[in-house]
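To start, the structure itself, in C-alpha cells.
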Amino acid sequence: AANCPNMDALAASGIASFEGNTHPPTISGPGWSSMLTGVWEQKHKVVDNSFTGAQYATWPHFFARLTSADPTISLHSIAHWAPINTQITTQADQELTFTTDQAVADAAVDLLQNGDPDVVFLHFDDVDHAGHSYGYSPTTAQYRAAIELVDQRIGPILQAVAQRPANERWMIMASTDHGGDGPNGHGGISFNEQRIFTIVSGDGIAPSVRTADRDTLTAATCVSFGAGRHTRVTDATPYQFGSTQ
C-alpha cells in the first residue's frame, strides 16, 4: 500500500516473500533475537524485552558465526533500538546506536563511502513507532508515510553500495521482526502480528516470489497434516488453552 520504489526494486530483482511468519511473542526482544541468532525462542530463551535468561553464549549473533569462519571479517551494527547492540550483538568491530532513523542512514552511508566493511546490519525503528502511535494498518496514512520515509532513507544507502569497488559482490537482505494488528499493536499470536516480509537481492540471485502453501478445510473430527504443514483459523478465541495446557 505504501510507495516504496527502493524496496520494490530490491524485491523485483531478488527473492521476495510477503507470506512469512515469525514466532510469538511478537515483540522486539524475541523477534530480533530469532532473526539475528537463527534460532527460535525455545533455544535463545528471550521471551520479552528484559532479555532475562538469554542463551546467547550457546546461540550467538550471526556475527560470531562469521568471525569463527573468518577472523579478519569487518562487522558493523548500526541500530536505532539500543538493545540490539547492548544485548544481542556480539563479535562486532563497530556498534553504533542512534536516536533517529536518519542518523542510522547517515552513518551507514558514511561507512560505505569511507570505510571498508564486509557486513553491515542496520536497524530502523520509526515504522514501529508509527504503528504504536496510529495503528498498524495499510489504511492508516501515518503508518504508510513512515514506511515510505524509511524507503527514502534506504535510497542513498543502496547508492553507496553500488559505488563500492567493482570487485565487491554485495547481498542485501531486508526484513522485520514482527507485524502488527491494526489498532491492537503487536505482541500476541494473531496472524497479522506474526506476518513478516523477507527480501534478498544481489548478484547471482534469480528473481522469484515465494508464497506459502494454503489449504481450506471444512470442520472435521480430526485433520491429518504432512510434515511442515499447518492451518490457520479465522477465529482463534476457542483455541486459547492457557499457558500450562
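Quick note: numbers below take in every heavy atom, side chains included, and nothing from hydrogens, waters or symmetry partners. Values in this document were obtained by computation on a predicted structure and should not be read as measured data.
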Less than 4.5 Å apart, any side-chain heavy atom of I196 and any of D177? no
Residue pair Y136 / N192, side-chain heavy-atom distance below 4.5 Å: no
Looking at every heavy atom in both A12 and P207, which two are closest together, and how far apart are they? O-CB, 3.4 Å
Do other residues, nucleotides or ligands put more than 12 heavy atoms under 6.0 Å from the OH atom of Y134? no
Excluding I88, membership of its hydrophobic cluster (Ile, Leu, Val, Met, Phe, Trp, Tyr; side-chain heavy atoms within less than 4.5 Å) reads W32, M35, L36, V46, F51, Y56, F62, F63, L66, I73, L75, W81, I84, V119, F121
Would you say I157 and Q159 make side-chain contact, with heavy atoms under 4.5 Å? no
Measure from the side-chain N and O atoms of E148 to the backbone N and O of N3, and report whether any donor-acceptor pair falls under 3.5 Å. yes
Between the OG atom in S33 and the NZ atom in K45, the distance rounded to the nearest 0.5 Å is 13.0 Å
Would you name the heavy atoms of P30 and N49 that are closest together and state the gap between them? CD-OD1, 4.2 Å
Out of curiosity, N6 CG to I199 CD1, how far, rounded to the nearest 0.5 Å? 10.5 Å
Testing the 3.5 Å rule here: is there a donor-acceptor pair between the side chains of N85 and T97? yes
Under the salt bridge (Lys or Arg N to Asp or Glu O under 4.0 Å) test, residues paired with R153 that sit two or more places apart: D126
Considering non-hydrogen atoms only, spot the tightest contact between A130 and A146 and give its length. CB-CB, 3.5 Å
Cluster question for you: counting only ILVMFWY and a side-chain heavy-atom cut-off of under 4.5 Å, with indirect links fine, are F124 and V127 together? yes
Nearest 0.5 angstrom please: N21 CG to H178 NE2, how far? 14.0 Å
Among L112, V109, V161, which residue satisfies the side chain to side chain contact (heavy atoms under 4.5 Å, CB included) criterion with P156? V109
Could you tell me if the side chain of E19 sits less than 4.5 Å from the side chain of R195, heavy atoms only? yes
Hydrophobic cluster of V200, others only, ordered by chain and residue number, side-chain cut-off 4.5 Å: I15, M171, M173, I205
From Q194 atom CD to I189 atom CD1, the distance as rounded to the nearest 0.5 Å: 7.0 Å
4.5 Å side-chain heavy-atom contact, T22 and T26: yes
Side chains of L158 and Q163, heavy atoms from C-beta outward: is any pair under 4.5 Å? no
Does the pair M7 and I154 meet the rule for a side chain to side chain contact (heavy atoms under 4.5 Å, CB included), with working shown? CA-CA 8 Å; M7 284 190 287; I154 289 173; 4.0 Å; yes
Checking the side chain of Q55 only, and the main-chain atoms of G53 only, is there a donor and an acceptor separated by less than 3.5 Å? yes
Sidechain-backbone polar pair: T140 side chain, Q142 backbone, donor-acceptor under 3.5 Å: no
Residues in ring-ring contact (aromatic ring centres under 6.0 Å, His included) with H129, at least two apart? H80
Euclidean distance, S28 OG relative to Q87 CD, rounded to 0.5 Å: 12.5 Å
Side-chain donor-acceptor pair under 3.5 Å between S201 and S13, yes or no? yes
Hphob cluster co-occupancy, L96 + L111, side-chain heavy atoms under 4.5 angstrom: yes
Do you reckon F98 sits in the same ILVMFWY cluster as L149, going by side-chain contacts under 4.5 Å, direct or chained? no
Measure from the side-chain N and O atoms of E193 to the backbone N and O of G187, and report whether any donor-acceptor pair falls under 3.5 Å. yes
Got a salt bridge between D70 and R65, using NZ or NE/NH1/NH2 to carboxylate O under 4.0 Å? no
Shortest non-hydrogen pair, G182 vs S137, comes out as CA-CB, 4.4 Å
Can you see which heavy atom on P24 is nearest to which on G188, and at what distance? CB-O, 3.7 Å
Could you check if a side-chain atom of P60 sits within less than 4.5 angstrom of a side-chain atom of T37, using non-hydrogen atoms only? no
Can you pull the ring pair (Phe, Tyr, Trp, His ring centres under 6.0 Å) pairs that have at least one residue in residues 2-30, sequence neighbours excluded? H23-W40
Holding to salt bridge (Lys or Arg N to Asp or Glu O under 4.0 Å), I want the full list of residues that pass it with R210, two or more places apart in sequence or in another chain. none
Before you tell me yes or no, could you show the steps for C4 and I147 under side chain to side chain contact (heavy atoms under 4.5 Å, CB included), namely the whole-Å CA-CA distance, both residues' side-chain angles and the distance that decides it to 0.1 Å? CA-CA 8 Å; C4 298; I147 298 171; 3.5 Å; yes
To the nearest 0.5 angstrom, please state how far the CG atom of D93 sits from the OG atom of S77. 11.5 Å
H44 versus S34: any side-chain heavy-atom pair under 4.5 Å? yes
